[in-house]
Colleague: 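Dumping the structure here so I can ask a few things about it.
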There are 2 protein chains.
Amino acid sequence: MGVRTISSEEIRPDQPSAANAVADHLARMILNTMSPGALLPSEAELAERYEVSRLTIREAVKLLAGRGLVELARGRRAMVREPDGSAFADFLTSVLHNDSKGLFDLVEVRMSLEVQSATLAAKRASRAGIAAIESALQGMRDAESAQDEGAEDRFHNFDVGFHEAIALASGNRVLGYLFEAMAAPLRQGIQISRRGHAGRGHTLADTIAAHERILDAIREGNARKAGDAMRFHLKDTESDIRTALSSFAGNPV
Amino acid sequence: MGVRTISSEEIRPDQPSAANAVADHLARMILNTMSPGALLPSEAELAERYEVSRLTIREAVKLLAGRGLVELARGRRAMVREPDGSAFADFLTSVLHNDSKGLFDLVEVRMSLEVQSATLAAKRASRAGIAAIESALQGMRDAESAQDEGAEDRFHNFDVGFHEAIALASGNRVLGYLFEAMAAPLRQGIQISRRGHAGRGHTLADTIAAHERILDAIREGNARKAGDAMRFHLKDTESDIRTALSSFAGNPV
DNA sequence: TATTCAAAAGGTATCAGATAAGTTTGGGAG
DNA sequence: CTCCCAAACTTATCTGATACCTTTTGAATA
């Protein structure tokens, strides 16, 4: 390569394009003054307001849509979206897809965050928060005793809901977002890995019992016990996942 | 208002627009077959390939840019970006901005993740990983003994670099991404809170000593000790942050 | 021959004007 | 009062041009 003599390439103009400027301005406006569900002004009006063409407005709005700030639909004005972890979920999914090492990493981090969620939930959960956890658990019980097709899917959904309810009951919004962000790639990764690898090491009843221990600890307000119960449960789950995943180790797609 | 009689509004068509379809297809192509730094085909060529107008291509690419998948610059073709946590960082920044409760949440989660990082780093750090941590620490020492203006900024940067190096040394990519994602909003939030609240509870030398204890434990490969040292350090830092933040409690901008 | 610099070529950014197609709304028919 | 349809509104996409930025090329110069 040789020695770098000049250093004028250091400048990153950060694209001061009109569309970008408008997008940034709109983003600030949305975050500061608008609530989820609110509608942006029409493209024509924005074009007039910013004194640019409608095309520039469109591109700016597309930028925001890519960032997950607004939702677009033909014939309707752009709507401000409820913030959620989906942007990061997309990111994780794309970075980790067909990469079993990445999924191990995800499982590892999830363990830590969920233990923290359970610990905090035991300390802080409101009556409503506990009710939500109970409700998810009851859903699992119902799905277990049901025999119809789709019962297992329902079981899994309530399972995820149980964990999500705990994340929410922690009272820590960041934990909620992170849970959401990790749930999608995890589920997808696990689903992929399970193909042709049906057996689970545990019965549904075992899973329910483990969840009951967690819920009881949270109900008691026993933070340490809740964290331990969650850790124990996830350790178990983790090994299931690992065996499922390992059939793909070094087998990217 | 009145009672909802019909229920055909439940359908979310997920915008199967041309621009969206192209964006999704491009995203898959990028993730599956392209590396960071690679250049997308020109807009004209893509327009031809997908049989849509150049405008539609532009909007699709803007969507990808918003998602952080590509980087745009005038006169140059779109470039595939190195994946990083910046999308989630933006999200967190926007959700938590001017909200001290959110920053508390962030600090809380960070504690948990960094303790895990230190624990894992002690178990797995490579020679190079440890060298990176050492280098950051040395930077802190240099900055502390320097007297020039800007030394304190340098110190803080190396401080962040130290923690980042540990997250990377954990060998868990998800931890790396999350660290990145949380660093920006945290720093920003803290900076804001510090305005007019100069005093820190600890000297730079104290901070260095705490970091040395962490590094030593990682070098020894003592996972528990590393985690504890990190927890202890962050508990300290946390209380600094809390006092800084509390001046803003219930004071959203 | 090697260096330099300016023009050409290749690209993106933005504009203007139109058409197609989906959504919402308000009035009229039953 | 309810239901349906057309007008008004709005977004999605197309076409064709112009402006401006980057990279490359090629010729003039030292």
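Note on naming: letters A, B, ... go to the chains in the order of the sequence lines (proteins, then strands), and numbering restarts at 1 for each one.
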Colleague: Are Arg187(B) and Asp159(B) ion-paired here, with the side-chain N under 4.0 Å from a carboxylate O?
Modeller: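 No salt bridge links Arg187(B) with Asp159(B).
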
Colleague: I need the CD-C1' distance between Glu48(A) and dC15(C), as an integer number of Å.
Modeller: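 Nearest whole value for this atom pair: 16 Å.
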
Colleague: Which of the following nucleotides, dT13(D), dA13(C), dT10(D), is nearest to the side chain of Arg54(A)?
Modeller: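 Looking only at heavy atoms from C-beta outward on Arg54(A), the closest nucleotide is dT13(D).
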
Colleague: dC15(C), dT13(D), dA12(D): which one has an atom nearest the side-chain heavy atoms of Ala18(B)?
Modeller: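 The answer is dT13(D), which lies nearest to the side chain.
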
Colleague: OP1 or OP2 of dT22(D) versus the side-chain N and O atoms of Arg76(B): is any pair under 4.0 Å?
Modeller: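 The answer is no; no side-chain N or O of Arg76(B) sits under 4.0 Å from OP1 or OP2.
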
Colleague: What's the CD-C1' distance between Glu43(B) and dT15(D), to the nearest Å?
Modeller: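 Distance check: Glu43(B) CD to dT15(D) C1' gives 15 Å.
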
Colleague: What integer distance in Å separates Tyr50(A):OH from dT14(C):C1'?
Modeller: 17 Å

Colleague: Rounded to whole Å, please give me the gap between CG in Leu72(B) and P in dC21(D).
Modeller: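 Atom-to-atom, Leu72(B) to dC21(D), this comes out as 17 Å.
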
Colleague: Return the value, rounded to whole Å, for the distance between atom CG of Leu55(A) and atom P of dA18(C).
Modeller: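 To the nearest whole Å, that distance equals 17 Å.
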
Colleague: Kindly check if the number of other-residue, nucleotide or ligand heavy atoms within 6.0 Å of CD (Gln138(B)) is above 12?
Modeller: yes

Colleague: For dT10(D), take OP1 and OP2 only and decide whether either is under 4.0 Å from a side-chain N or O of Arg74(A).
Modeller: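 Result: no.
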
Colleague: Starting at the 5' end of DNA chain C, which residue's closest nucleotide do you reach first, Ala44(B) or Thr56(A)?
Modeller: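 The residue whose closest nucleotide sits nearer the 5' end is Ala44(B).
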
Colleague: Just so I know, are the side chains of Leu120(A) and Glu108(B) near enough to count as touching, which here means a heavy-atom distance under 4.5 Å?
Modeller: yes

Colleague: Any non-hydrogen side-chain atom of Met182(B) less than 4.5 Å from a side-chain atom of Val109(B)?
Modeller: yes

Colleague: Without decimals, in angstroms, what is the distance between Glu71(B) CD and dC21(D) P?
Modeller: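 Rounding to the nearest Å, CD of Glu71(B) and P of dC21(D) are 19 Å apart.
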
Colleague: Roughly how many Å is it from CD in Glu59(B) to C1' in dT11(D), rounded to a whole number?
Modeller: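 About 10 Å, once rounded to whole Å.
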
Colleague: If I take atom CG in residue Leu40(B) and atom P in nucleotide dT12(C), what distance separates them, rounded to the nearest angstrom?
Modeller: 9 Å

Colleague: Looking at the side chain of Val52(A), which of dG11(C), dT15(D), dC15(C) is the nearest nucleotide?
Modeller: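 Given the options dG11(C), dT15(D), dC15(C), the side chain of Val52(A) is closest to dC15(C).
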
Colleague: The side chain of Arg58(A) lies closest to which of these nucleotides: dT15(D), dA13(C), dT11(D)?
Modeller: dT11(D)

Colleague: Is it true that Lys101(B) and Asp105(B) have a side-chain N and a carboxylate O under 4.0 angstrom from each other?
Modeller: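 Salt bridge: yes.
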
